[in-house]
Amino acid sequence: QKAEDLLKQIKGGADFAELAKKNSDDPGSAAKGGELDWYARGQLAKAFEDKAFAMKPKELSDIVETEFGYHII
């Protein structure tokens, strides 16, 4: 439910980075507004990678579920 609410806020014009800073549970990317740096295939959860590598720059994903939780890319 939390991820769905955040996705609605982003689609409504809210700043992705600010929402990530305030709501992300990821200690590595929350403080950076959700920024993950560079990574190659095989380094992250498969469902996350499959979605991320299929997206175009600046595109917003739907909610992606992995063994680590729910993600908006």
Could you walk me through whether Asp50 and Arg41 pass the salt bridge (Lys or Arg N to Asp or Glu O under 4.0 Å) test, one step at a time?
-> CA-CA 9 Å; Asp50 288 348; Arg41 282 201 179 269; 3.5 Å; yes
Is the side chain of Thr66 donor-acceptor paired with the backbone N or O of Phe68 at a distance under 3.5 Å, no angle test?
-> yes
Do any N or O atoms from the side chain of Glu35 and from the backbone of Ser29 form a donor-acceptor pair under 3.5 angstrom?
-> no
Verify side chain to side chain contact (heavy atoms under 4.5 Å, CB included) between Val64 and Ile73, making sure each step is shown before the conclusion.
-> CA-CA 8 Å; Val64 178; Ile73 305 169; 4.0 Å; yes
Smallest separation among heavy atoms of [X] and [Y], with atom names:
{"X": "Leu7", "Y": "Asp62", "result": "CD2-CA, 4.1 Å"}
{"X": "Ala40", "Y": "Glu49", "result": "O-OE2, 3.5 Å"}
{"X": "Ala20", "Y": "Gly34", "result": "CB-N, 3.6 Å"}
{"X": "Ala52", "Y": "Tyr39", "result": "CB-OH, 3.3 Å"}

Roughly how far, to the nearest 0.5 Å, is the CG atom of Leu6 from the NZ atom of Lys11?
-> 12.5 Å
Working to the nearest 0.5 Å, report the span between NZ of Lys51 and CD of Glu65.
-> 14.5 Å
In terms of hydrophobic clusters joined by side-chain contacts under 4.5 Å, are Leu36 and Ile72 together?
-> no
Neighbour count above 12 (heavy atom, 6.0 Å) for Lys46 NZ | no
Tyr70, OH atom: more than 12 neighbouring heavy atoms under 6.0 Å = no
Would you say the side-chain atoms of Asp5 and Gln9 include a donor-acceptor pair closer than 3.5 Å?
-> yes
Verdict with reasoning, Ile63 to His71, per side chain to side chain contact (heavy atoms under 4.5 Å, CB included) = CA-CA 6 Å; Ile63 297 168; His71 315 273; over 6 Å; no
Salt bridge (Lys or Arg N to Asp or Glu O under 4.0 Å) between Glu18 and Lys21, worked out | CA-CA 5 Å; Glu18 287 303 313; Lys21 286 178 185 177; 3.6 Å; yes
